[in-house]
Amino acid sequence: MPMHETLSATGIGVSLFDLRHTFESAQPLTFYAEYNAQSNTLTYTSGAHIINVGASGGVEKGTLLVVSKDLGYSVAEVTRRFRLSDNMRSVYKRISTDSFMRASIERYKGMRLTLNDPWETTLCFIISQFNNVKRIGLITKNVVRTFGPAIKGDNDNVIAHSFPGSGDLAHATIKELMACGAGFRAKYIKEAAEYCTNNLSLQGLRSKGHDELKEELMGISGVGDKVADCIALFGYGDTRAFPVDVWMQRAMERMYFKGKKTGVRKIHEFADKRWGAYSGFAQQYIYHYARNARIGVDAKPRLGK
DNA sequence: ACCCAGGCGGGCG
DNA sequence: CGCCCGCATGGG
């Protein structure tokens, strides 16, 4: 009879932190974590660990309550995952380049970039292609439930699944992946899993610079320029990365190119010149604002002064 | 019914 | 190179 492991908890002081905006801004945790808006709490897995995070207090100054069976691991995990060492005051100073950016920062103040496992990020964003946020989450959770190693509770009952590693998916069949709803991405998922298990060490790319990192990532089946930017940003913390999806393209054209059709290359050049190593932060604020305000679809954004 | 979604691979010019 | 097309599927 194993000793009953009890949960323990501790609080971390945070400033300029908003759990809801962070969760809702279509980063990897959006696709496989569980968020409770009522209690402002988030539950997710990290390896075989189950982590519970609750945010309280204000956005300017608040507390992150961490609850788990292994506090040492979990506090380190939360600190890394939510990039708590980012000084948002200086980030905002660096990306407040115009009234649109100031409006987005004001509206989504405290939204953070997250830093996730490279393979988890790769899988999430292969699933993301030509897809919408709700269905990305649906498919990702199906894949986790189907292929992720079981996490068992005190009664030996399955209470959750770890995120499946590339090795767990390398032997998946197309049929099984289709049953998860992956559609035409099933082939990409299988090929990417095989490649990242047998031919490429994602962990080994951590020391690469922006350009070489993207180039290596684009060697993975189902990973093109945009998905490579997402993996670089959310999986490696490469904040020079500036993913341009359809929402970003429309918003950038509307806000910075007088509404004219503009190629992704030009948009990248513009972002790099304007925000440099902070482009990834700028991107997240532009993306989240654009998607919620439906910029370029059916509404005009209201700008601050 | 119709259009769209955090795009990519492949084929063609 | 760049351009163009098909692609599974469910939400709005």
Please enumerate all residues that pass salt bridge (charged side-chain N to carboxylate O under 4.0 Å, His left out) together with [X], with sequence neighbours excluded.
{"X": "Arg83(A)", "answer": "Asp86(A)"}
{"X": "Asp225(A)", "answer": "Lys214(A)"}
{"X": "Lys109(A)", "answer": "Glu60(A), Glu106(A)"}
{"X": "Glu216(A)", "answer": "none"}

Measure all distances between protein nitrogen or oxygen atoms and nitrogen or oxygen atoms of nucleotides 9-12 of chain C, and list the pairs falling under 3.5 Å.
unit_1: dT9(C); atom_1: O2; unit_2: Arg135(A); atom_2: NE; d: 3.2
unit_1: dT9(C); atom_1: O2; unit_2: Arg135(A); atom_2: NH2; d: 3.3
unit_1: dG10(C); atom_1: N2; unit_2: Asn132(A); atom_2: ND2; d: 3.4
unit_1: dG12(C); atom_1: OP1; unit_2: Lys134(A); atom_2: NZ; d: 3.4

Qualifying ring pair (Phe, Tyr, Trp, His ring centres under 6.0 Å) pairs, either residue in residues 48-83 of chain A, two or more places apart: Phe17(A)-Phe82(A), His49(A)-Tyr73(A)
Using a 4.5 Å cut-off between side-chain heavy atoms of Ile, Leu, Val, Met, Phe, Trp and Tyr, which other residues end up in the same hydrophobic cluster as Val59(A)? none
What distance do Lys190(A) atom NZ and Leu177(A) atom CG have between them, rounded to the nearest 0.5 Å? 8.0 Å
So what does [X] touch, heavy atoms closer than 4.0 Å: a base, only the sugar-phosphate, or nothing?
{"X": "Val244(A)", "value": "nothing"}
{"X": "Thr30(A)", "value": "nothing"}
{"X": "Ile220(A)", "value": "sugar-phosphate"}
{"X": "Gln249(A)", "value": "nothing"}

Can you tell me how far [atom1] in [N] sits from the matching atom in [M], rounded to whole Å?
{"N": "dG10(C)", "M": "dC8(B)", "atom1": "P", "answer": "22 Å"}
{"N": "dG6(B)", "M": "dC3(C)", "atom1": "P", "answer": "24 Å"}
{"N": "dG10(B)", "M": "dT9(C)", "atom1": "C1'", "answer": "22 Å"}

Reading DNA chain B in the 5' to 3' direction, which nucleotide is the first one with an atom under 4.0 Å from a heavy atom of chain A, and which is the last? dA5(B) to dG9(B)
Scan for salt bridge (Lys or Arg N to Asp or Glu O under 4.0 Å) pairs involving residues 90-100 of chain A, sequence neighbours excluded, and state none if there are none. Asp98(A)-Arg274(A)
For the backbone of Gly47(A) and the side chain of Ser162(A), can you confirm whether one donor and one acceptor N or O come within less than 3.5 Å of each other? yes
Just checking Phe270(A) against Phe257(A), ring centres under 6.0 Å apart? yes
Using a 3.5 Å cut-off on both pairing distances, which stems of three or more Watson-Crick or G-U pairs include DNA chain B? B:2-5 with C:9-12, B:7-13 with C:1-7
Counting only pairs under 3.5 Å, give me each side-chain donor-acceptor contact of residues 121-128 of chain A, with atom names and distances, residues two or more places apart or in other chains.
unit_1: Thr121(A); atom_1: OG1; unit_2: Asp117(A); atom_2: O; d: 2.8
unit_1: Thr122(A); atom_1: OG1; unit_2: Pro118(A); atom_2: O; d: 2.7
unit_1: Ser128(A); atom_1: OG; unit_2: Phe125(A); atom_2: O; d: 2.8

Nearest-nucleotide wise, let me know which of Ser128(A) and Met218(A) is further upstream toward the 5' end of DNA chain B. Ser128(A)
Extract from the structure each pairing of a protein N or O with an N or O of nucleotides 3-6 of chain C at less than 3.5 Å, listing the distance.
none

Begin with the C-alpha distance, continue with both residues' side-chain angles, and end with the deciding distance and a verdict on side-chain hydrogen bond (donor to acceptor under 3.5 Å, both in side chains) for Glu77(A) and Ser46(A). CA-CA 8 Å; Glu77(A) 151 66 27; Ser46(A) 168; 3.0 Å; yes
Residue pair Leu113(A) / Thr239(A), side-chain heavy-atom distance below 4.5 Å: yes
